[in-house]
Amino acid sequence: MGAGWLFLFAVLWSAVLLFGMVFFVIMFSDLESDYINPIDLCNKLNQFVIPEYAAHALLPLLFLISGQWTALLFNIPLLAYNINKVIKKNHMYDATEIFRTLGGHQKESYFKLGFYLLSFFYYLYRMIVALIAENE
């Protein structure tokens, strides 16, 4: 019964992360279209950076504890990338350099959006498989 509940939680959690990345993409597109100034953008996005990293780090931790090795291996590259950004103190957005680095931030947001979308459907598949296996 544990795997079904774990992947149900992972589906819901990845949906939250997915909507968070949609917010980031929209904010970057607003900056590009000059609907928002760089200071407001950085103030709005910086408050979500660490919670997004922590929310994503929770899933690999749960997969490690429960022994779901495939799901853990799927999440390790993004987890390592996020940890590397925090260690190098490169994780916060700087209003003075946001226009120079906007392309890289947009690519990162699109990549994470795709990753969370892919993981959403992977967790949904694993949840269905686990629930079917419990009923047999």
Side-chain angles (χ1 to χ4, degrees):
M1 184 151 126
W5 287 106
L6 173 66
F7 284 109
L8 174 64
F9 176 75
V11 165
L12 297 174
W13 207 245
S14 64
V16 169
L17 290 168
L18 185 63
F19 286 122
M21 275 304 110
V22 168
F23 174 70
F24 274 56
V25 167
I26 290 171
M27 293 301 288
F28 285 131
S29 114
D30 283 352
L31 179 68
E32 201 172 40
S33 301
D34 210 24
Y35 293 132
I36 189 171
N37 68 46
I39 295 171
D40 289 340
L41 173 98
C42 292
N43 287 338
K44 286 181 182 180
L45 293 186
N46 280 340
Q47 64 185 347
F48 294 113
V49 170
I50 296 295
E52 185 251 326
Y53 290 176
H56 177 255
L58 178 66
L59 286 175
L61 178 67
L62 292 176
F63 294 142
L64 178 67
I65 291 170
S66 65
Q68 300 293 332
W69 307 117
T70 308
L72 175 66
L73 289 174
F74 179 70
N75 279 282
I76 282 184
L78 183 58
L79 180 65
Y81 176 77
N82 289 342
I83 289 171
N84 187 35
K85 282 186 78 166
V86 171
I87 289 172
K88 290 185 176 182
K89 297 186 186 336
N90 190 14
H91 59 286
M92 292 298 196
Y93 298 107
D94 184 10
T96 60
E97 295 188 9
I98 193 70
F99 283 113
R100 189 174 60 79
T101 59
L102 183 60
H105 292 311
Q106 283 181 318
K107 285 179 188 175
E108 178 185 345
S109 294
Y110 283 128
F111 172 77
K112 285 184 177 182
L113 182 69
F115 178 84
Y116 292 139
L117 185 65
L118 184 64
S119 62
F120 174 82
F121 287 110
Y122 173 72
Y123 300 147
L124 184 63
Y125 168 75
R126 290 288 305 263
M127 179 190 74
I128 292 169
V129 168
L131 292 175
I132 289 173
E134 284 179 12
N135 290 334
E136 291 181 356

task = In sequence, state the C-alpha distance, the side-chain angles, and the governing distance for V25 and V22, and then conclude on side-chain contact (heavy atoms from CB on, under 4.5 Å).
result = CA-CA 5 Å; V25 167; V22 168; 5.7 Å; no
Kindly give the heavy-atom pair with the smallest separation between [X] and [Y], and that separation in Å.
{"X": "L62", "Y": "L6", "result": "CB-CD1, 3.8 Å"}
{"X": "N75", "Y": "A71", "result": "ND2-O, 2.9 Å"}
{"X": "G4", "Y": "A130", "result": "N-CB, 3.7 Å"}
{"X": "L72", "Y": "P60", "result": "CD1-O, 3.3 Å"}
{"X": "L41", "Y": "L31", "result": "CD2-CD2, 3.7 Å"}

Euclidean distance, [Y] [atom2] relative to [X] [atom1], rounded to 0.5 Å:
{"X": "F48", "Y": "N46", "atom1": "CZ", "atom2": "CG", "result": "11.0 Å"}
{"X": "L59", "Y": "L17", "atom1": "CG", "atom2": "CG", "result": "6.5 Å"}
{"X": "H56", "Y": "L58", "atom1": "NE2", "atom2": "CG", "result": "10.0 Å"}
{"X": "E97", "Y": "C42", "atom1": "CD", "atom2": "SG", "result": "10.0 Å"}
{"X": "S119", "Y": "L124", "atom1": "OG", "atom2": "CG", "result": "11.0 Å"}
{"X": "M92", "Y": "L45", "atom1": "CE", "atom2": "CG", "result": "10.5 Å"}

query = Looking at F115 versus F74, is the centre-to-centre ring distance below 6.0 Å?
reply =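 Yes, ring centres under 6.0 Å apart.
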Evaluation steps, side-chain contact (heavy atoms from CB on, under 4.5 Å), between M127 and W5 = CA-CA 8 Å; M127 179 190 74; W5 287 106; over 6 Å; no
ask   = So which of H91, E52, K112 actually passes side chain to side chain donor-acceptor pair (under 3.5 Å) with N82?
value = K112
Contacts of type ring pair (Phe, Tyr, Trp, His ring centres under 6.0 Å), residue F24, not counting sequence neighbours = none
task = Determine, step by step, whether F23 and I26 satisfy the side-chain contact (heavy atoms from CB on, under 4.5 Å) criterion, reporting the C-alpha distance in whole Å, the side-chain angles of both residues, the deciding distance to 0.1 Å, and the verdict.
result = CA-CA 5 Å; F23 174 70; I26 290 171; 5.7 Å; no
Say whether [X] and [Y] are linked into one hydrophobic cluster, either directly or through other cluster members, by side-chain heavy-atom distances under 4.5 angstrom.
{"X": "I87", "Y": "L79", "result": "yes"}
{"X": "L61", "Y": "Y116", "result": "no"}
{"X": "I65", "Y": "L8", "result": "no"}
{"X": "F120", "Y": "Y110", "result": "yes"}
{"X": "L118", "Y": "W69", "result": "yes"}

Do [X] and [Y] touch side chain to side chain, with heavy atoms closer than 4.5 Å?
{"X": "V129", "Y": "I132", "result": "no"}
{"X": "F7", "Y": "F63", "result": "yes"}
{"X": "Y122", "Y": "V11", "result": "no"}

query = Going by atom types alone, do Q68 and Y123 pair a side-chain donor with an acceptor below 3.5 Å?
reply =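 Looking only at side-chain atoms, Y123 and Q68 do not form any donor-acceptor pair under 3.5 Å.
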key: Flag for D40-N43: side-chain donor and acceptor within less than 3.5 Å   =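 No pair is found: no donor N or O on one side chain lies under 3.5 Å from an acceptor on the other.
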message = Using the rule given for side-chain contact (heavy atoms from CB on, under 4.5 Å), can you reason through L117 versus F121, listing the C-alpha separation, both sets of side-chain angles and the distance that settles it, and then say yes or no?
response = CA-CA 7 Å; L117 185 65; F121 287 110; 3.7 Å; yes
Within the distance-only criterion (no hydrogens, no angle test), does the side chain of [X] pair as donor or acceptor with the backbone N or O of [Y] below 3.5 angstrom?
{"X": "S33", "Y": "D30", "value": "no"}
{"X": "N84", "Y": "A80", "value": "no"}
{"X": "W13", "Y": "A55", "value": "yes"}

ask   = Is it the case that more than 12 heavy atoms not belonging to K85 sit under 6.0 Å from its NZ atom?
value = yes
query = More than 12 foreign heavy atoms under 6.0 Å from CG of L73: is that the case here?
reply =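 Yes, CG of L73 has more than 12 neighbouring heavy atoms, counting only those of other groups under 6.0 Å.
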note = Hits for side chain to side chain donor-acceptor pair (under 3.5 Å) against Y93, two or more places apart or cross-chain, chain-then-number order -> none
